[in-house]
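Predicted model only: the values in this text are computed from it and were never measured. Values reported hereafter were calculated over all heavy atoms of this structure, with side chains retained and with hydrogens, waters and symmetry mates removed.
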Amino acid sequence: IGPSEPLSHEKLSPVLGLYRTRDFADGMAIAKELTEFDGIGHTAGIYSKMPERVNQFALAVPAGRILHNMPTSLGAIGTAFNFNVDPSFTLGVGTKAGSSVSTNVGPLNLVNIKTVATRQEHTEWFQNP
C-alpha cells in the first residue's frame, strides 16, 4: 500500500485490487490503511453475514459510505443495489478529505436556497420554576 503500488490507489476502471489477509482484524487494518492512503471519506465495502463485524468495520474505516454486501462501484452512486444512498456521480468525501459534505452530491446541493427566519418567543424561556 502506497505511492509505488498502483492498485492501492482509487481505480476508475474495471480493475480490482485484491489483498489476502490472515483474519478479519488484518483485513480491517488493510481496509483502513487503504482508505487513509487514497480514499479517506470516500467509500468502503464489506461482505459479511455477521452484523457485529459490519459495525466494527464501519467504526474503524474512515469512509463516508460503508456499503454492506453490494458492489461498491455501483452501490456508492445510488443504484438498484441501494436505496439509502442518493443517486449521484459526485461523491462528497467530508471534511477529512477537504470537502464540505460526506454525502452524495445531488441537485439540491447545487441550488441556492434563501431562508428568512423570524424570531419566535418561546414561552417556556420565561416561566419561573
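A search for side-chain contact (heavy atoms from CB on, under 4.5 Å) contacts involving Asp38 returns His9, Glu10, not counting sequence neighbours. For Glu33, there are no salt bridge (Lys or Arg N to Asp or Glu O under 4.0 Å) partners at least two apart in sequence or on another chain. With sequence neighbours left out, the salt bridge (Lys or Arg N to Asp or Glu O under 4.0 Å) criterion links Arg22 to Asp26.
Heavy-atom minimum distance, Ala31 versus Phe57: CB-CE1, 3.6 Å. Across all non-hydrogen atoms, the minimal contact from Leu67 to Met70 is CB-CG, 3.8 Å. For Val61 against Ala44, the heavy-atom pair with the smallest separation is CG1-CB, 3.7 Å. Closest approach of Thr21 to Gly27, counting heavy atoms only: CG2-CA, 3.3 Å. For the pair Pro62 and Glu36, the tightest heavy-atom approach, listed with the atom from each and the gap, is CG-CG, 3.7 Å.
Counting only heavy atoms from C-beta outward, the side chains of Pro3 and Phe37 approach each other to under 4.5 Å.
The CD1 atom of Ile66 sits 10.5 Å away from the CG atom of Asn55 when rounded to the nearest 0.5 Å.
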Could you give me the CA-CA distance, side-chain angles and deciding distance for Met50 and Phe24, then say whether side chain to side chain contact (heavy atoms under 4.5 Å, CB included) is met?
-> CA-CA 11 Å; Met50 302 169 71; Phe24 177 70; over 6 Å; no
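Not one N or O on the side chain of Tyr19 forms a donor-acceptor pair closer than 3.5 Å with the backbone of Ile30. The main-chain N or O of Arg53 is never found under 3.5 Å from a side-chain atom of Ser48 such that the two would form a donor-acceptor pair.
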